[in-house]
Enquirer: 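Let me give you the structure first, and then I'll get to my questions.
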Amino acid sequence: MDMMDAERIYRENILDHYKRPRRYGRMEGADAESEGANPVCGDEIRVWLKLKGERIEDARFEAAACAICTASASMLLEQVVGKKTRQALGMGRQEVLALLGINPGPARLKCALLPLEVLKAALKKPASKGGGKDAGKG
Amino acid sequence: MALDVEAIREDFPILRRKVNGKRIAYLDNAATSQKPLAVLEAMERYYRTCNANVHRGTHRLSEEATDAYEKARANIAGFINAQPEEIIFTKNATEALNLVASVVCRQAKEGQRILLTQMEHHSNIVPWQIWAAERGLELGYAEIGEGFSLSGQSVLEGLSGSPLIFSFTHISNVLGTINDAAWLCRKARQAGAYSCVDAAQSVPHMQVDVREMGCDFLAFSGHKMLGPMGIGVLYMRRRLQECLPPFLGGGDMISSVGFERSYWNAPPRKYEAGTPNVAGAIGLSAAIDYLRRVGMGKIARHEKELARLCVERLEAIGKARIYGPKKRAGLVSFNIGSVHAHDAAAFADGEGVQIRAGHHCAMPLVRMLGEAATCRASFYLYNTEEEVERLSHAMRKAQRALG
Ligand SMILES: Cc1ncc(COP(=O)(O)O)c(C=O)c1O
């Protein structure tokens, strides 16, 4: 239970995605976007998506968040680009922890899962701004 | 140092625990303190030998329990130089502050003002917001000025609006700022406002005298001062107890009840409805005996020395952002470079060092600092310089890995 030492959590792959997050940066003309925060620790993240039919064509994020949350977002978006929205919506805690390769422990689980939550929220409410359906063709 | 810390540590069994194979360094005392054996034993003794309901039985056990409960009240009153009747037991500081908001605001008129400060804990903001919405009151906040202290000018401006009450924290749980409570209470009185002091971070760490301070209300929690969880205190000036309405209704707070209306019991019982936390009061009283034996002055000096060392060590890491005045209470809020507070706390935990990371129930203030979260190390009588060194070591590791 007490094996929560920092070295075990902050493994090479996590640090790598934290320091050089993939798919990082704002997206213009997104088809869907959402933001979320973890009020307990102050993690904040915003996700943008480009959708083509049933498919996630591109995904970006920006975050002011801890290493676990940032790495989780980076790995998750890398994973879902090219996938069907249905597949992304079917993902859960198990899939995220498998991507991270660690169990961050109960106190940090929220940090790890926040990006998936925000991604799903974006998929469920495509952007109303920018002319609705038309925006998808940009 | 004047304190015999090694001897003190012997009294706190939990400090022998290990985390990640390392001896625990408990540096989250602003959240809650650990409890000495004397407190645990006093509570156990109560339950083993004289547990009964108070103020109601005519049997021996009830008499003994009532006696122990009232002795605890008197002891706690003496600790802050109040009269026993001025001590109202609550669940914690939060409930005490809600009590004040309720009895002060319930009869307030629309448009009346409440003055708070920008460095309040949520427990001294949210109850007022709830009542402001209910009664149509206006909230104002005295600002933080130079050097993380309250701006005296902003306080005076706030008071010039003739607020109903000025409620402020004695010591900020984020910044460690020690406000001049006596001055603030005097200015409130001159402006015709009640004064309410959130002393959750001060009574555990320094000598507080309500008569010298001149406050109308003062709230604190037992669990932050070596006592158990579930017991808190509201000091309420005698005169106000008579003229303000009760808080919760129920048994014990009445002298007589009819189907149409009831008559309130004499204070403080007017403000203590239902079966109280007798064991909690006894535990808090034992905690106060313990603090007195060690000496509040010595404790304050010890903590300040640790905080000074902590600041020095963190500054040496470079890229540390340290929030709070030079003359601070025994706590230090900080961030290291780009390392998120949560990650820093995880590295500390890896070394057995228990610190808090987050907004410390003061979201508006932490946002003002331009941070989403900070780390906070907060000290008490059983902490050592070696523990500060271990924190500093862990922060260096975090900086190396994530910075
Ligand atoms: C300044 C301050 N006020 C009030 C409180 C609330 O204390 P409690 O949670 O025991 O009611 C705290 C505790 O965190 C505090 O630091």
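So you know, we letter chains A, B, ... as the sequences are listed, proteins then strands, and number each from 1. Note that the coordinates shown come from a computational prediction; the quantities given were computed from them, not determined experimentally.
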Enquirer: Are there more than 12 heavy atoms of other residues, nucleotides or ligands under 6.0 Å from atom CZ of B:Arg16?
Expert: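 More than 12 within 6.0 Å, yes.
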
Enquirer: Chain B heavy atoms under 4.5 Å from A:Ala37: which part of the residue, side chain, backbone, both or neither?
Expert: neither

Enquirer: For B:Ala346 versus A:Tyr10, what's the shortest heavy-atom pair and its separation?
Expert: CB-OH, 3.4 Å

Enquirer: Keeping A:Lys19 on the side-chain end and B:Ala401 on the backbone end, is there a donor-acceptor pair under 3.5 Å?
Expert: yes

Enquirer: List the steps, then state whether side chain to side chain donor-acceptor pair (under 3.5 Å) holds for A:Asp43 with B:His340.
Expert: CA-CA 9 Å; A:Asp43 283 345; B:His340 191 281; 3.1 Å; yes

Enquirer: Can any side-chain N or O of B:Asp343 pair as donor or acceptor with the backbone N or O of A:Cys66 at less than 3.5 Å?
Expert: no

Enquirer: NZ of A:Lys120: more than 12 outside heavy atoms within 6.0 angstrom?
Expert: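 Count over threshold, so yes.
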
Enquirer: For B:Arg321, is the CZ atom crowded, meaning more than 12 foreign heavy atoms sit under 6.0 Å from it?
Expert: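 Counting other residues, nucleotides and ligands, CZ of B:Arg321 exceeds 12 neighbours.
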
Enquirer: Below 4.5 Å from any heavy atom of chain A, which atoms of B:Lys22 appear? Answer side chain, backbone, both or neither.
Expert: neither

Enquirer: Examine whether an atom of A:Cys69 lies under 4.5 Å from a heavy atom of chain B, and if so say whether it belongs to the side chain, the backbone or both; otherwise answer neither.
Expert: neither

Enquirer: Are there over 12 heavy-atom neighbours, none belonging to B:Ile14, within less than 6.0 Å of that residue's CD1?
Expert: no

